[in-house]
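As a basis for the values below, the full set of heavy atoms in this structure was taken, side chains included, without hydrogen atoms, waters or symmetry mates. Numbers here simply count residues along the sequence, with the first being 1.
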Amino acid sequence: QVDLVESGGGLVQAGDSLSLSCSTSGPTFNRWAMAWFRQAPGKVREVVAAILWRGGITYYADSVKGRFTISRDIPKNMLYLKMNSLSPEDTAVYYCAASFNMKMTAVAEEYEYEYWGQGTQVTVSS
């Protein structure tokens, strides 16, 4: 069993920064990748950023590239998302996800991730 719990969401103003955390539990010996997804009201869930757990190679959606930074703390089994220059378009529920599929071929696709947290709300006012 793998449990993921997001934290750090809240209400901020446009231009502000915010950091999200994802606490993980359960087996980690074969964890392959983790990612942040988000879903705004009326929209489909979309990838924000992803990272290979051991190698640290990262992927960013074009919409957040240069503003967001994904990172992880392996000893603490923690995943982070540092968000800078936030805008109202970033308002969404942010989800942490984990994949144990070494053969995954689409790191930005939702179906590649087996475990998900409950999400944390990020609201950016104008």
### Message
Using 0.5 Å steps for rounding, measure from the OH atom of Tyr94 to the CG atom of Leu18.
### Response
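Nearest 0.5 Å value for the OH-CG distance: 9.0 Å.
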Between the side chain of [X] and the main-chain N/O of [Y], is any donor-acceptor distance below 3.5 Å?
X      : Y      : value
Gln121 : Gly9   : no
Glu6   : Gln118 : yes
Ser19  : Lys82  : no

### Pair Leu4-Met34, side-chain contact (heavy atoms from CB on, under 4.5 Å): steps then yes or no
CA-CA 11 Å; Leu4 308 176; Met34 294 194 72; 4.0 Å; yes
### Task
Under the side-chain hydrogen bond (donor to acceptor under 3.5 Å, both in side chains) rule, collect the residues that match up with Lys43, sequence neighbours excluded.
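side-chain hydrogen bond (donor to acceptor under 3.5 Å, both in side chains) list for Lys43, sorted by chain: empty.
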### Task
Indicate the atoms forming the closest heavy-atom contact of Arg54 with Arg72, along with that distance.
O-NH2, 2.9 Å
### Query
Which pair of heavy atoms, one from Ala35 and one from Ala50, lies closest together, and at what distance?
CB-CB, 3.7 Å
### Task
Say whether Met83 and Met78 are linked into one hydrophobic cluster, either directly or through other cluster members, by side-chain heavy-atom distances under 4.5 angstrom.
no
### Query
For the hydrophobic clusters of this structure (ILVMFWY residues joined by side-chain heavy atoms under 4.5 Å, transitively), does one cluster hold both Tyr113 and Ile57?
yes
### Message
So if I apply the side chain to side chain contact (heavy atoms under 4.5 Å, CB included) rule between Tyr80 and each of Ile70, Leu20, Thr69, Asp73, which one comes out positive?
### Response
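It is Asp73; the other options fail the test.
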### Query
How are the rings of Trp116 and Phe37 set relative to one another: parallel (under 30°), tilted (30 to 60°) or perpendicular (over 60°)?
tilted
#### Entry: Test item: side-chain donor near acceptor, Arg67 and Ser87, under 3.5 Å
no
